[in-house]
Chemist: 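I'd like to ask you about the structure that follows.
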Amino acid sequence: MAPAEPILQVRDLVKHFPLTQGILFKRQIGAIKAVDGVSFDLHRGETLGVVGESGCGKSTLAKVMMALERPTSGSVMVNGKDITKAKGAELKRMRRNIQMVMQDPYTSLNPRMTVGDIIGEPFEIHSEVVPKGDRRKRVQELLDVVGLNPDHINRYPHQFSGGQRQRIGIARGLALQPEIIICDEPVSALDVSIQAQVMNLLDRLQKEFNLAYIFIAHDLSVVRHISDRVAVMYLGKIVELGGDNQIYERPSHPYTQALLSAVPVPNPEGREARQRIILQGDPPSPANPPSGCRFRTRCWKAQDICAKEEPLLQIRPGTDHPSACHFAEALDVVHSQS
Amino acid sequence: MVEVLSEPAGRGSYSGALLEVEDLHVEFHTRQGVAKAVNGVTYSVNPGETLAVLGESGSGKSVTAQTIMGILDMPPGRIAGGQIRFRGVDILKLPEDQRRRIRGEGIAMVFQDALSALNPVFPVGWQIAEMFRIHRGSSRSDAKKKAVELMDRVRIPGARDRVNDFPHQFSGGMRQRIMIAMAIALDPEILIADEPTTALDVTVQAQIMGLLAELQRDSNMGLILITHDLGVVADVADKIAVMYGGRIVETAPVHDLYANPAHPYSKGLLESIPRVDLKGQELYAIKGMPPNLLDMPSGCAFHPRCPYRREDCATAVPPLYPISGSRGSACHYWREVVDGSR
Ligand SMILES: Nc1ncnc2c1ncn2[C@@H]1O[C@H](COP(=O)(O)OP(=O)(O)OP(=O)(O)O)[C@@H](O)[C@H]1O
Ligand SMILES: Nc1ncnc2c1ncn2[C@@H]1O[C@H](COP(=O)(O)OP(=O)(O)OP(=O)(O)O)[C@@H](O)[C@H]1O
Ligand code: SF4
Ligand SMILES: [Mg+2]
Ligand SMILES: [Mg+2]
């Protein structure tokens, strides 16, 4: 497959939230460096998984890409145009192409709107997409696409189960026929038995409509199942980026290795012999990240250079994909365990 | 009797299982009707043992635990039948003051949501110290010293300096460790941990599970671990109870359940885990939706979603059929499930 032109190009993206003090006269006393220099490409029909500890900036990254937050600096090119600089009608047009499915199916839908109104709302905002008279039919088609009963168009969210509500969120995300869908923890709140249904749906829709997904999740086996490539984030930065086999079979950043080795394996055989890299301590505050490599305070490989020099995300000797560690080396943490 | 229940010296004087839940029934009387949340749950735990309770959301895992702890919302909750025996004594029949002694010293619990279980307006050290003042009558300074020790034990860095900090000043993982500190303060014989790591990411989860295992080794504590994470269960459980629709549908030693599940629901759960060798293929998914407790399916509650069902599944409630040893399955056709024919 010849790599086509990326549909999404994120370059040096930075999002800092000001930390202020004082009630009347707010003074900025610092900044939470939620996203701090992130770059990657996304191709048509591809899924990029994003994993990392809670608070490492995954949702902030998603919001900046959706132009729901303005970045501090950097760019997000959607089909060659920078969405972070777009305004008015142009922003509106660009947004049609990039949609989001939210984490929590229980709170992300307005309880006072019918399912038909929720899924049809994007048509109100982008009234040029579907003429008014055809909207109801279009919403029913969407319900059908995500495996819900089209006759339930007048029901309210509370009349659906969690998995069904997540389908409603997905139908809404599909309404404007976007090329990119950002899924922020789309299955985390769901029952194990329902999770697989929603994953299969996302998979099917991707093939049907050639969608590109950014798939944010904390369940690493779920991310592996759906992703072509995976970005591992730590404290606002991507520390490793590669194909799913490169990340899962040959992780080269110590954080990725620790993360993968900590994933409990759903098989009790040989559990006594399993080796884990247990990280000590808690992640540092994004308001005051460590100098040099941000992971060095919890890293068992750290040397003097790690405090002085920031390791760039690049391919290093002996590795086949970019890693932001001075001492990156491929290590098979998953198989060496049992 | 009171002596045996509350005095550490009494430990080991009872020869049956340490905690036994038998045929427990709990229902909620709501405006929409009676929700039968727990419909005949039976399980037991011994010292040093880890029982994992797995199951669908809403299947009654937490309500069972709340009933054991004596903290069920009553009303709307009502215990409609069954026994909960601690050292052979049915604690459901004990007067409240005796139950209170068991709570904390005999059986303690770590709750599903650490932030809401801690009181936001009191320093965490003070909240831990309260346990010693109330239950042990310790002096203020003694209790505080013990609180620092406990915070150290659950690895809160700089415990001495942080004992006066408030809950919101700690990360999610640290708050969960503080909850564990409170639960183990009085050295309980049984700890119920209700989804202790669900809100945490895997690196912090590994820390917490390691901590629980260590506490268990040190004091031979029995652990009831409620979770829906099949990975965590495979890691730490000795035996498993799988719940569906307020009932135990399968019980088994951990290795047996993973190697050869005997109930279609457990089997479906295991098969729906994404596996590396099946990447790119459709995941196995259990069809349909979880049951509505106000309107439970007749017969086997799982029958509308079950690939093994036959006609009688919709009419006859399957008992927990004994399979071998401590294994049991509440499926009329468990033999076919075990054989793997569908
Ligand atoms: N509007 C905001 N103002 C100030 N700080 C914020 C804001 N939004 C997010 N943050 C901070 O930015 C950091 C990154 O948050 P973000 O929600 O992106 O994390 P995440 O990776 O999505 O975490 P999780 O896995 O828990 O969802 C956190 O420290 C968070 O507290
Ligand atoms: N106070 C209450 N009033 C009414 N119904 C309740 C109450 N507490 C629990 N229930 C109901 O009892 C059923 C069992 O709930 P329970 O909390 O035990 O589920 P669970 O197995 O712990 O699920 P989860 O995995 O989501 O925590 C649910 O349907 C719930 O709605
Ligand atoms: S009893 Fe029938 S419906 Fe229930 S699990 Fe067994 S085969 Fe399925
Ligand atoms: Mg998030
Ligand atoms: Mg629960």
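Numbers restart at 1 for each chain; the letters A, B, ... are given by sequence-line order, proteins then strands.
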Chemist: Considering only NZ, NE, NH1 and NH2 on the basic side and carboxylate oxygens on the acidic side, decide whether Arg298(A) and Glu53(A) come within less than 4.0 Å.
Modeler: yes
Chemist: Would you sort out whether Leu51(B) and Leu225(B) count as a side-chain contact (heavy atoms from CB on, under 4.5 Å), showing the intermediate values?
Modeler: CA-CA 6 Å; Leu51(B) 164 74; Leu225(B) 178 70; over 6 Å; no
Chemist: Heavy-atom cut-off 4.5 Å, strictly under: side chain, backbone, both or neither for Leu230(B) against chain A?
Modeler: both
Chemist: Tell me, out of Leu220(A), Asp203(A), Leu279(A), who's got the most heavy-atom pairs with chain B below 4.5 Å.
Modeler: Leu279(A)
Chemist: Salt-bridged, Glu250(B) to Arg327(B), with N to O below 4.0 Å?
Modeler: yes
Chemist: Can you tell which of Gln195(A), Gln164(A), His218(A) has the highest number of heavy-atom pairs within less than 4.5 Å of chain B?
Modeler: Gln164(A)
Chemist: Salt-bridge test for Arg276(A) and Asp235(B): reply yes if a basic N is under 4.0 Å from a carboxylate O, no otherwise.
Modeler: yes
Chemist: Using a cut-off of under 4.5 Å on heavy-atom pairs, state which of Val236(B), Leu257(B), Val233(B), Asn292(B) scores highest against chain A.
Modeler: Val236(B)
Chemist: Which region of Gln205(B), side chain (C-beta onward) or backbone (N, CA, C, O), has a non-hydrogen atom less than 4.5 Å from a non-hydrogen atom of chain A, or is it both or neither?
Modeler: side chain
Chemist: Heavy-atom distances under 4.5 Å only: say whether Asp244(A) touches chain B with side chain, backbone, both or neither.
Modeler: side chain
Chemist: So which atom in Val254(B) and which in Ala237(B) form the shortest heavy-atom distance, rounded to 0.1 Å?
Modeler: CG1-O, 3.2 Å
